[in-house]
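Here is the structure we will look at, set down as structure tokens.
Note that these values count all heavy atoms, side chains included, but never hydrogens, waters or copies made by symmetry.
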Amino acid sequence: ALTSLVLNKQKGVLDVCAIKAPGVGDRQEAYLRDIAVLTGAKLFSREAGLSLTSATMTDLGVAERVIVAKSASKLIGSDQTAAEVAERVKSLKIEAEEAPNKGEREFIQTRIARLSGGVARFRLGANTELEMADKKLRYEDAINATRAALDGGVVAGGGTALVQSRKVILKYLSEWEKEDEDIRFGGEIVYRSLSAPC
């Protein structure tokens with residue numbers, strides 16, 4: 001199939017782009033099933049018992065946008081398949097809860113994130129190149145901070161984390177009172193100082 005696509009592309013008959021499927025083995029088929037749901041396509045595989053010779057135009061899917069790069073590709077699904085994608089995500093969450101080990105659970109959670117992930121588009125403008133470079137760096141910092149927060153958790157800003165930690169210190173103040181006067185006195189100082197940012 002790939003050879004005929006390449007020949008048709010070279011002759012200018014068909015405008016296509018072949019993309020290597022993500023993953024390997026069973027995981028590759030799982031990713032392909034997710035892509036089929038996202039685009040509303042039918043998955044042709046030996047396991048399903050379907051051959052490309054029986055494919056019709058109705059078996060092909062639709063994407064709002066496809067971004068192809070050398071090392072990664074992005075498929076942005078259309079609104080037509082939103083209900084199917086939501087149903088797939090729901091079934092994957094159930095699978096994740098019933099997963100036998102941590103590795104399998106993380107793989108399913110990755111699939112959920114890829115299916116339900118949103119896309120943000122930024123358009124920057126500035127009067128000078130220097131101002132444009134500065135804005136671009138600020139946006140990159142914001143995007144990287146968002147990614148880090150998604151990976152490692154989020155700490156609320158504006159000093160609220162400090163105020164929340166006061167509750168923990170308050171629990172220990174009574175215990176420290178029994179142990180040593182100096183420890184309790186230091187705990188009270190920290191407790192009072194944590195309300196300062198408010």
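Phe185 meets the ring-ring contact (aromatic ring centres under 6.0 Å, His included) test with no other residue; sequence neighbours excluded. With sequence neighbours excluded, the residues forming a side chain to side chain donor-acceptor pair (under 3.5 Å) with Arg184 are Glu181, Glu188, listed by chain and number.
Counting heavy-atom neighbours within 6.0 Å of Leu130 CG, excluding the residue itself, gives a total of 12 or less. Residue Asp79 qualifies as open at atom CG: its count of foreign heavy atoms under 6.0 Å is 12 or below. Applying the 6.0 Å contact sphere to CD of Glu131 captures more than 12 heavy atoms from other residues, nucleotides or ligands.
Closest approach of Ala41 to Gly61, counting heavy atoms only: CB-N, 3.5 Å. When all heavy atoms are compared, the tightest approach of Gln28 to Gly23 is NE2-O, 3.4 Å. The shortest heavy-atom contact between Leu92 and Arg111 is CD2-NH2, 3.3 Å. The minimum heavy-atom distance between Arg27 and Gly103, with the atom names listed, is NH2-O, 3.9 Å. Closest heavy-atom contact between Leu38 and Thr81: O-OG1, 2.7 Å. Minimum heavy-atom separation, Gly187 to Leu173: C-CD2, 3.7 Å.
The CZ atom of Arg105 sits 8.5 Å away from the NZ atom of Lys102 when rounded to the nearest 0.5 Å. Note that the CD1 atom of Ile108 and the CD atom of Glu97 stand 10.5 Å from one another [nearest 0.5 Å].
Under a 3.5 Å cut-off, the side chain of Lys135 and the backbone N or O of Gly125 do form a donor-acceptor pair. A donor-acceptor contact shorter than 3.5 Å is absent between the side chain of Asn144 and the backbone of Asp141. A donor-acceptor contact shorter than 3.5 Å links the side chain of Arg166 to the backbone of Tyr191.
Within the 4.5 Å cutoff, side-chain heavy atoms of Ile169 are placed close to those of Leu194.
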Inset, instruction - Would you check, one step at a time, whether the test side chain to side chain contact (heavy atoms under 4.5 Å, CB included) holds for Val68 with Val66? - result: CA-CA 6 Å; Val68 180; Val66 178; 3.8 Å; yes
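Here ring pair (Phe, Tyr, Trp, His ring centres under 6.0 Å) pairs that include residues 81-110, with residues two or more places apart or in two chains, are Tyr31-Phe107.
Between Glu84 and Arg88 there is no salt bridge, since none of the side-chain N atoms of the basic residue sits less than 4.0 Å from a carboxylate O of the acidic one.
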